[in-house]
Trainee: 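Would you mind keeping the following structure in view while I ask a few things?
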Amino acid sequence: MFTGIVEERGEIVGREDLEEAARFRIRGPLVTSDASFGDSIAVNGVCLTVVELGDADFVVDVMGETLKRSSLDALSAGAPVNLERAMAADGRFGGHIVQGHVDGVGSVASVSPSENWTVVRVAVPADLARYVVEKGSITVDGISLTVSSIGADAEYGDWLEVSLIPTTLAETTLGTVTTGVHVNLEVDVIAKYVERLQSAGTDGGQR
């Protein structure tokens, strides 16, 4: 489990395309400082398993299904990525419950900078919009954020907005994000559990 507090902005240093899969080598001195074979590291919000360790980098295998359901397939050497180690049992819970299981891919609709923060609007897949609430939690490319506004219009369909402070802009990939870029979204898992429990009460759990 993760909390969406990005520990380090890493970099893709190599990619090998395989049969319906890909292997990435990722530089991340901090997250590899105590990593071991088999550990979980979130890469742009996707929980991946360390299969090889270098001096300051690590290797992960990404199956075709993950490439299809996330924005990882668009990454190549030189791309920055948000990195977070799995939460230790005695660690601080700084963000919210993040599983590293991407629910869908959104598209950056607009970036509106101001003097002290930047507002980013993200178009949300229609089937995820019901889980997004104003002032609720959302994970965008592995970053735990608070939804500052929600809405829908003819141009973008359903959308959400997040307001980013300078630290988030400086320490994560959202600091250089531009319109049209795809981002991984993970909605608050509690909302999905509530929906499932409610449906079980009305249809006997037969879903």
Side-chain angles (χ1 to χ4, degrees), residues 2 4-6 9 12 42-47 62 64-76 79-82 95-203 207:
F2 307 90
I5 303 301
V6 172
R9 185 166 57 182
I12 303 293
V43 179
N44 278 3
V46 182
C47 178
V62 186
E65 181 71 8
T66 302
L67 294 173
K68 292 176 184 177
R69 291 181 175 271
S70 73
S71 65
L72 295 187
D73 198 29
L75 299 181
S76 58
V81 287
N82 299 315
H96 71 284
I97 298 173
V98 177
Q99 296 180 297
H101 303 160
V102 172
D103 292 303
V105 176
S107 177
V108 175
S110 64
V111 180
S112 304
S114 63
E115 183 177 357
N116 297 308
W117 66 85
T118 293
V119 176
V120 175
R121 177 175 292 188
V122 179
V124 180
D127 60 336
L128 296 184
R130 67 182 182 274
Y131 302 116
V132 181
V133 297
E134 191 170 323
K135 308 307 179 187
S137 296
I138 188 75
T139 309
V140 180
D141 268 356
I143 309 164
S144 173
L145 297 168
T146 300
V147 178
S148 57
S149 183
I150 59 175
D153 56 42
E155 183 175 5
Y156 300 117
D158 295 298
W159 53 260
L160 64 84
E161 287 183 344
V162 289
S163 298
L164 309 177
I165 62 174
T167 297
T168 303
L169 296 171
E171 301 296 331
T172 75
T173 59
L174 289 186
T176 56
V177 76
T178 56
T179 57
V181 169
H182 290 147
V183 291
N184 294 320
L185 300 175
E186 181 184 331
V187 299
D188 192 340
V189 67
I190 295 175
K192 293 189 288 185
Y193 279 126
V194 169
E195 180 184 64
R196 184 69 181 91
L197 288 168
Q198 288 181 327
S199 65
T202 57
D203 61 14
R207 292 188 63 183

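What you see is a predicted model, and the numbers here were worked out from it, not measured in a lab.
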Trainee: Supply the atom-to-atom distance Thr168 OG1 to Leu174 CG, rounded to the nearest 0.5 angstrom.
Mentor: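 It is 8.0 Å, given to the nearest 0.5 Å.
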
Trainee: Are any non-hydrogen side-chain atoms of Ser137 and Val98 less than 4.5 angstrom apart?
Mentor: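 Contact flag for Ser137/Val98 side chains = no.
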
Trainee: Nearest 0.5 Å, what's the OG1-NE2 distance between Thr66 and His101?
Mentor: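 Between Thr66 OG1 and His101 NE2, I get 9.5 Å after rounding to 0.5 Å.
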
Trainee: So which atom in Ser71 and which in His182 form the shortest heavy-atom distance, rounded to 0.1 Å?
Mentor: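 Heavy-atom minimum between the residues: CB-O, 3.9 Å.
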
Trainee: Any side-chain heavy atom of Val187 sitting closer than 4.5 Å to one from Ile138?
Mentor: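 Contact flag for Val187/Ile138 side chains = yes.
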
Trainee: Hey, which of Val43, Val140, Thr172 is the one that makes side chain to side chain contact (heavy atoms under 4.5 Å, CB included) with Asn82?
Mentor: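 The residue from Val43, Val140, Thr172 that satisfies side chain to side chain contact (heavy atoms under 4.5 Å, CB included) with Asn82 turns out to be Thr172.
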
Trainee: If every non-hydrogen atom of Ser110 is compared with every non-hydrogen atom of Thr179, which pair is closest and at what distance?
Mentor: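 The pair with the smallest heavy-atom distance is CA-CG2, 3.7 Å.
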
Trainee: State the CD1-CG distance between Ile12 and Leu72, to the nearest 0.5 angstrom.
Mentor: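 Going from CD1 on Ile12 over to CG on Leu72, the span is 7.5 Å.
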
Trainee: Taking side chain to side chain donor-acceptor pair (under 3.5 Å) as the definition, give me every residue that meets it alongside Ser163, ordered by chain and number, with sequence neighbours left out.
Mentor: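 Checked Ser163 against side chain to side chain donor-acceptor pair (under 3.5 Å); matches are Ser148.
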
Trainee: Can you see which heavy atom on His96 is nearest to which on Ser144, and at what distance?
Mentor: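 So the two residues come closest at ND1-OG, 2.7 Å.
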
Trainee: Could you pull out the closest heavy-atom pair between Tyr131 and Ala191, with the gap in Å?
Mentor: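 Smallest interatomic distance, heavy atoms only, reads CD2-CB, 4.0 Å.
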
Trainee: Let me see the working for Val183 and Thr173 under side-chain contact (heavy atoms from CB on, under 4.5 Å), right down to the final yes or no.
Mentor: CA-CA 10 Å; Val183 291; Thr173 59; over 6 Å; no

Trainee: Going by side chain to side chain contact (heavy atoms under 4.5 Å, CB included), Asn44 matches just one of Val6, Asn184, Val102. Which one?
Mentor: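 Result for side chain to side chain contact (heavy atoms under 4.5 Å, CB included) with Asn44: Asn184.
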
Trainee: I need the single residue from Thr146, Val120, Thr118 that forms a side chain to side chain contact (heavy atoms under 4.5 Å, CB included) with Val162. Which is it?
Mentor: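 Only one of Thr146, Val120, Thr118 forms a side chain to side chain contact (heavy atoms under 4.5 Å, CB included) with Val162, namely Val120.
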
Trainee: When rounded to the nearest 0.5 angstrom, what is the spacing between CG in Leu185 and OG1 in Thr139?
Mentor: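 Rounded to the nearest 0.5 Å, the CG-OG1 separation comes out at 8.5 Å.
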
Trainee: Side chains of Ser149 and Val119, heavy atoms from C-beta outward: is any pair under 4.5 Å?
Mentor: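 Result no, sub-4.5 Å side-chain heavy-atom pair not found.
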
Trainee: Is it true that atom CZ of Arg69 has more than 12 heavy atoms of other residues, nucleotides or ligands lying nearer than 6.0 Å?
Mentor: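 Check fails, neighbour count at 12 or below.
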
Trainee: Which heavy-atom pair separates Gly100 from Glu186 by the least distance, and what is that distance?
Mentor: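 Heavy atoms only, the tightest pair is N-OE1, 2.9 Å.
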
Trainee: Residues two or more places apart in sequence or in another chain: which of them pass side chain to side chain donor-acceptor pair (under 3.5 Å) with Asp103?
Mentor: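 Asp103: side chain to side chain donor-acceptor pair (under 3.5 Å) contacts with Lys192.
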
Trainee: Given side-chain contact (heavy atoms from CB on, under 4.5 Å), test Thr178 with Val108 step by step and report yes or no.
Mentor: CA-CA 7 Å; Thr178 56; Val108 175; over 6 Å; no

Trainee: Hey, could you give me the CD/CD1 distance between Glu171 and Ile143, rounded to the nearest 0.5 Å?
Mentor: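 That separation rounds to 11.0 Å.
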
